[in-house]
Structures are given as C-alpha cells and as structure tokens.
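Notes to accompany the following structure.
The sequence lines fix the lettering, A, B, ..., with proteins before strands; numbering per chain opens at 1.
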Amino acid sequence: MSSSFFQDTLQAMPAPGKTMAEKLLSRAAGKDLRAGELAICEIDAAMGTDGSIPMALDYLQQMQPEGAALPGPSLVGRVYFAFDHYGPGSGARALGLQERARAYAKAHGVQRFEVGEGIGHQLMMELGLVLPGQLVAGADSHAVTYGALNAFGTGVGSSDLAGILQCNQLWLKVPGSLKIRLSGRLSGDASAKDVALSLSRRLGADGASYLAMEFDGPGVETLDMDDRMVLANMSVEMGAKAGIFPFDACTAAYLDGRALRDYEPVHADADAVYTGTLDVDLSVVTAQLALPHRVDRVVDLENAPETAVEMVYLGTCTGGRSKDFREALEVLRAGGGVAPGVRLIVTPASEAVRQELQAGGLLAEFEALGAEIQAPGCGACCGSCGSIPSDGTRVVSTANRNFKGRMGNREAQIFLASPRTCASAAVHGRLVDPRNGRAL
Amino acid sequence: VSGRSFAGRARVLGDDINTDYLISSSRKKDSLDPDVLRHYLLEDLDPSFAASVQHGDIVVAGRNFGCGSAMEVAVTVLLGAGIGAVIVKSVSRTYWRNAINNGLLVIVADTSQIVEGDLLELRFSGAQPDLYVGASRSLRIECEPVSDFTLTMREAGGLVPYLRQHRKLA
C-alpha cells in the first residue's frame, strides 16, 4: 500500500485523547504536544532549596557575560527559596552556602522560607503556591509532590534552576503515562504510605522511569489530600517524572482559602493513550516495610525479619504532616509509650503542622513520651541536619529513601514504613505488626 | 561529538546507583567544589573507590543509574574525578538532565558483558556511538543513538554555555 493510503487513513481518524501529562505540558509549551515530544516549556512557579540554590547561583553567574552581575529571576514573584536542608547543626560551611542563597533572595526580592518554617514542598502546597493545571519545577526530586494538586510537578537540578532564573524556561520531554487505577478504600491500619511502598514493590525502583504516574479510578475520592501527597511524593522513588492526581472536590476544598489566583484544572480524556495500567485495590493493602537499603525491597510487615529498633523517625515531605503524627500518636497511646532505649524523633514538615500539633496538645503528648521534637524542615532525612543515627542503629522512618548512608551514617540501617508502623516499633523497641501487637 | 573517539578503563558498578552513593548529601553541605568532592566519590558503597580512579576512567553501570536525589554534584563529582563517560543500561531522568546540562556523556547500552578493568573505546559517527571492549576490540556492543537535543547541548558544551550565548532556550 502506498504511503498516501496511510496518510489519508490517519487524517480520517480522530487523534486519540490526551493524558493529564500531555495536557499540562501542552499548556506550558503553548502548543499541541504528545508523549515523546521535546518542548520548551514556560514555568508557572519554581522552588529551590539551600541544597540546590548555591550551585544554581554558580551556574547563573557562568551564564552571564564576563564581569556582569547576577541577574534577578526572570519570573518575578513566582520563584521561592526554601532553607529546609540546612539548620543550626549543619556546620559553618553549609550555613555559608545557605547565606549565599539568602543574600541573593534579599537582593532580588525572592520570597524565602526561612530555617524552621518547614520543607519547601510542604510550604508550596500549604500556601497555595502550586495550582491545578500548572507546571511547577523544584530543584529537588520530591517536587513531584505537587502532582497531588493536579499540577505537573517535577524535580530538576541546579543548572535547570539557573536556566529558570535566567529565562523561565525548561526543556522537557513529554512523558508517557502509566495509569494507576485505584479502587476500594483503605481499611484497618493501612495508610497511603503502605500503598506507596506496595507500588514500589510492584514496579521496582525504575518501574515508572521517565513516565508520569497518573492516578485514576473510584479509589481516588477515598484519599484525602495528605494521602495524595504521599503517593505523588513517592512516585519519584519508582523513577517517575511526575505523579499526577485528577482534580476533584477534595482538591477544590484544599485550595479553598489557599489559592491566590484562578486556576484551570486538567482532566484526562477518556480515550487517552497510556503506556500501561496498574490496578490497585486499596482495600487489600496491608502494612508494608522497605528493608535496607532499597526503596523497592519491600515485604509485608507481618513477614518482616525479627528486628530490634533503636531509632524511630517521624517526619519528612513524605510522612511529616498532621495526620501522620495523629496516627502515630494513637499507636503510642494504645501501646503505653516509647520502649526504653528507643529514640523517637518528631520533625513536623512545616511550622503550620507544628502549630496544629501544639494547639491540639499532640506536641505536648509527644514530649511527655520522651520524643525529641525538632524544628520543621528536612531534618535528618538526607543527613544534612537533625539527628544522625549512630553506627549500627536500626532506624524505622516515615521518610522516602533508605539508601545506605542516606541519614548521614553508612553504618546505620534504615527501614521505611507508615507512621503507625513506626510508632509500633517505638512502643516495642522492635518491628511489630500494629494490627495484632505480635512481635516479629 | 561527530568523529570523536576516546578510550578508558571500565569501572563497573551495579544497578540503581543512586546519587547519594555517588556523593553523599552530607559531603555536599560542606563543599560544592568537584576537586574536593571527588575524594568522596562512592564512599558509602566502597570507601576505597575514589583513590583508585584514574583520569579517563569510564563508569559502567546497570539499570537506573543516578536515581534518587536530583543533586547535580552527583554529575560534577564524576567530571571532577576525570571520568570521561558513563555507560549504563538505563539512567534516571534527573541524572540524564544534569549530565546533558554539564556535558557529561551518558551512553545507554547493554553493559552486562563488561567487567572491571576492561579497556573500552567509544567511537562516534554522528549520533551513533560504537562501543568496543578489550585491547584487541574483540567485542562490539551496540549503543542507543544519542538524541539530536543531546548533540546540540553537547556541541554547545552544556546548558551554561548555551544560555550564555542564546540567553533563552527558545
């Protein structure tokens, strides 16, 4: 058959519908895009951290003509600097790097989130700085969290952040999308973190590489915004470029009173083309545990090896929100407190979370249980501040990564779990299935 | 890139080499200087690795190279250590971006037959790299072609020179 036959046939057939990722990036690029196409996109908002900004400023300087001063951000008013990775205990050099970022922000009117205000991603969400339909880049891999709000949130490095400061543009390849079709409702003690870990278990650490994970199905409406943030946040642990939720009443309710601008959500077309579909029945998800040192080395908690625990970490952009602390505290109360010899660290994801815990009396309760309450921020998640575990310490954490050395000591072992499972480990001083209190 | 070739010694790593392994976040907080950081390359995985690196070595790895954090020092630390190229079965998207932006060559190929210390030679004709293994070049491994965009960025020397010259991407 001649090639014109195919061309005629193609023209006669309507183009298939689009995924949320295709629509979001088409909007950002101002042209009709499909998966696989490379495009120059305009950014709606960008976030950098003290971990990524100093290097970005070096790149930005190198982008200027010889002898020229650093320019201000191209997109005034929509770039945010979060000083969340480094705190008072990070050392003089880290604080020196942070100070460079602060000086640039002051000189150019960049809004900054100061040390102790919280994790940049959490603040971007809480303050309504990410809106449905937007493309928001973060110079930190967990910028995928923004997808919970029906935005295309994606992580970039420092050179890309410098490019954004320079011209507000980002080159992006439109990803294919993997549909995660949710059904049922979480039951018992299972939480969104258990869903995220079970996804990691099924897909592997690169199972969504270069793809957008698009959540869909009747299970979506059973998940609150905190749950959605956990799932979007952890999508990068499977290699995803974005983890996107549909817009619904839950999204609208979250943004009510937060959104400072109008927004236009995107919806996937019914005939959109996906690279694959993964069905997840929320009602059968049980407590999951990622063993050291891999995020996808996941087992059912009830099959976990007999393990003593010396440190329990509640916090991070994955597991540091009010709901996480409420769930953990319920288990701690029921279990009668923290076992001797266990350090319980509490690091709220933001000052708003800390205040909510304080107002509800939860912070005092944690303190009474002997927890170490730390300033809101990234804490010890990547070993850049907070409580670094000592040699041989086994940590059970609500965080997202358990690589060897991740918390600043390669001689420690990190297990990842839900807030309830973490609290249960704190109660018993070992890994225990919170459903039946049975020691493992 | 066209017409270039270079050779180096294979330094073989496994699957899922995350950026925290390439350079620990807790090192990055003290310095961003690749000349300093190169002494801590891969220290959590193998504390003796950094001292054994020779200029021109080629890092060979499995799947999902550079996963995890998007920190860009995980690319510049390799450049600082004199690593000439990275040949992997697959690469994480943030690492790929950072590599392109900094002019670090990342080649995708089936690396399973390459062993530690193998002499490797990469030759380019246009966008197509060819990989030869062994002193007598007895084994040829097929590589994925490099994208036009990658070639454009490489010819510019990376994102920084590109934006210094053009001011905008488009």
Checklist entry - Going through the checks in order, is the salt bridge (Lys or Arg N to Asp or Glu O under 4.0 Å) test met by B/Asp35 and B/Arg38? => result CA-CA 6 Å; B/Asp35 259 351; B/Arg38 68 187 174 87; 3.4 Å; yes
Checklist outcome for this item: Taken to the nearest 0.5 Å, the spacing of B/Asp148 CG from B/Glu155 CD works out to 10.0 Å
Checklist entry - Is there a side-chain contact between B/Leu32 and B/Val73, using heavy atoms and a 4.5 Å cut-off? => result yes
Item to check | Least distance between heavy atoms, A/Thr316 atom then A/Cys381 atom | outcome: CG2-CB, 3.8 Å
Item to check | Heavy-atom closest contact (B/Ser52 atom, B/Arg11 atom, distance) | outcome: OG-NH2, 2.9 Å
Checklist entry - Counting heavy-atom pairs under 4.5 Å to chain B, which of A/Trp171, A/Tyr210, A/Phe403 comes out on top? => result A/Trp171
Checklist entry - Is the number of heavy atoms from other residues, nucleotides or ligands within 6.0 Å of CD (B/Glu142) greater than 12? => result no
Checklist entry - Closest approach of B/Leu163 and B/Leu169, non-hydrogen atoms and distance? => result CD2-N, 3.9 Å
Next on the checklist: Could you check whether A/Tyr59 and B/Asn102, counting side-chain N and O atoms only, form a donor-acceptor pair closer than 3.5 Å?
Outcome noted: yes
Checklist entry - Is any side-chain N of the basic residue among B/Glu43 and A/Arg410 closer than 4.0 Å to the acidic one's carboxylate O? => result yes
Item to check | Donor + acceptor pair across side chains of A/Asp140, A/His121 (<3.5 Å) | outcome: yes
Checklist entry - Quick one: what part of B/Tyr95 sits under 4.5 Å from any heavy atom of chain A, side chain, backbone, both or neither? => result neither
Item to check | Where A/Arg401 and A/Ser141 come nearest, the two heavy atoms and their spacing | outcome: NH2-OG, 2.8 Å
Checklist entry - Any residues in residues 201-209 of chain A near chain B, with a heavy-atom distance under 4.5 Å, and which are they? => result A/Ala205, A/Asp206, A/Ser209
Next on the checklist: Quick check on the interface: out of A/Cys382, A/Ser52, A/Ser74, A/Gly383, who has the most heavy-atom pairs with chain B under 4.5 Å?
Outcome noted: A/Cys382
Item to check | Contacting region of A/His293 [heavy-atom separation from chain B under 4.5 Å] | outcome: both
Item to check | Selection from A/Met63, A/Lys173, A/Met407 maximising heavy-atom pairs under 4.5 Å formed with chain B | outcome: A/Met63
Next on the checklist: Within residues 85-93 of chain A, which residues come under 4.5 Å of chain B, heavy atom to heavy atom?
Outcome noted: A/Tyr86, A/Ser90, A/Arg93
Checklist entry - With only heavy atoms counted, which part of A/Ile388 is less than 4.5 Å from chain B, the side chain, the backbone, both or neither? => result neither
Item to check | Top contributor to chain A contacts, counting heavy-atom pairs under 4.5 Å, from B/Lys168, B/Arg167, B/Arg27 | outcome: B/Arg167
Checklist entry - Do A/Glu237 and A/His142 have side-chain heavy atoms sitting under 4.5 Å apart? => result yes
Checklist outcome for this item: Pair count under 4.5 Å, heavy atoms only, with chain A: among B/Ser69, B/Ser24, B/Ser92, highest is B/Ser69
Next on the checklist: For A/Pro54, which atoms come within 4.5 Å of any heavy atom of chain B: side chain, backbone, both, or neither?
Outcome noted: both
Item to check | Distance under 6.0 Å and angle within 45° of ring axis: B/Arg123 vs B/Tyr132 | outcome: yes
Item to check | Salt bridge present between B/Asp118 and B/Arg9 (N-O < 4.0 angstrom) | outcome: no
Checklist outcome for this item: Closest heavy-atom pair, B/Ile141 versus B/Val133, reported as atoms and distance to 0.1 Å, is CD1-CG2, 3.7 Å
Checklist entry - chain A: which of B/Thr19, B/Thr94, B/Val75, B/Leu159 shares the most heavy-atom pairs with it under 4.5 Å? => result B/Leu159
Checklist entry - Is it the backbone or the side chain of A/Leu211 that comes under 4.5 Å from a heavy atom of chain B, or both, or neither? => result neither
